[in-house]
Amino acid sequence: MKNKINSHVSLVAFLLLSFAASLANAQSEPDYSRGDWVIGLNATRVLTDEDLRSASAGGAPVPNANLSINNDTTVSFDVSYFLSSQLAFNIFGGIPASPDFS
């Protein structure tokens with residue numbers, strides 16, 4: 001019973017601190033305002049590591065079939081235009097991943 005009370009007290013304390021932090025953040029000036037542009041460039045890891053131990057063609061199994069697809073790293077970007085301090089239009093794109101098939 002004592003652990004249950006302690007966990008409730010901890011939860012209430014956490015929620016109160018979170019609420020106080022959000023109020024403090026809401027009163028500060030926004031990072032971006034209307035008309036601001038933000039451009040980001042990222043390295044993106046595409047996780048497609050897969051192995052297929054059996055395959056079929058035309059409904060018949062292919063003997064000794066084994067397919068492997070490896071992970072890949074590529075470049076992505078995003079461009080944002082702020083319509084207000086809280087709303088932005090965002091475009092995301094990048095170079096398609098080219099994993100190795102074997």
Interatomic spacing from [atom1] in [X] to [atom2] in [Y] - rounded to 0.5 Å:
X: Ile91; Y: Tyr81; atom1: CD1; atom2: OH; value: 12.5 Å
X: Thr73; Y: Leu47; atom1: OG1; atom2: CG; value: 8.5 Å
X: Asp36; Y: Leu83; atom1: CG; atom2: CG; value: 11.0 Å
X: Ser76; Y: Leu41; atom1: OG; atom2: CG; value: 7.5 Å

For this session: Evaluate side chain to side chain donor-acceptor pair (under 3.5 Å) for Arg34 paired with Ser84, printing each intermediate quantity in order.
Result: CA-CA 4 Å; Arg34 185 178 195 282; Ser84 71; over 6 Å; no
Seminar exercise, completed: For Thr74 and Pro96 the tightest heavy-atom approach is OG1-O, 4.0 Å
Exercise. So which heavy atom on Asn90 is nearest to which on Asp78, and how close?
Worked result: ND2-OD2, 3.7 Å
For this session: Hey, can you tell me if Phe82 and Tyr32 have their rings parallel, tilted or perpendicular (30° and 60° cut-offs)?
Result: parallel
Exercise. Hey, quick one: are Phe89 and Trp37 part of the same hydrophobic cluster, counting side-chain heavy atoms closer than 4.5 Å, chains of contacts allowed?
Worked result: no
Exercise. Is there a path of hydrophobic side-chain contacts, each under 4.5 Å between heavy atoms of I, L, V, M, F, W or Y residues, that connects Phe92 with Val79?
Worked result: no
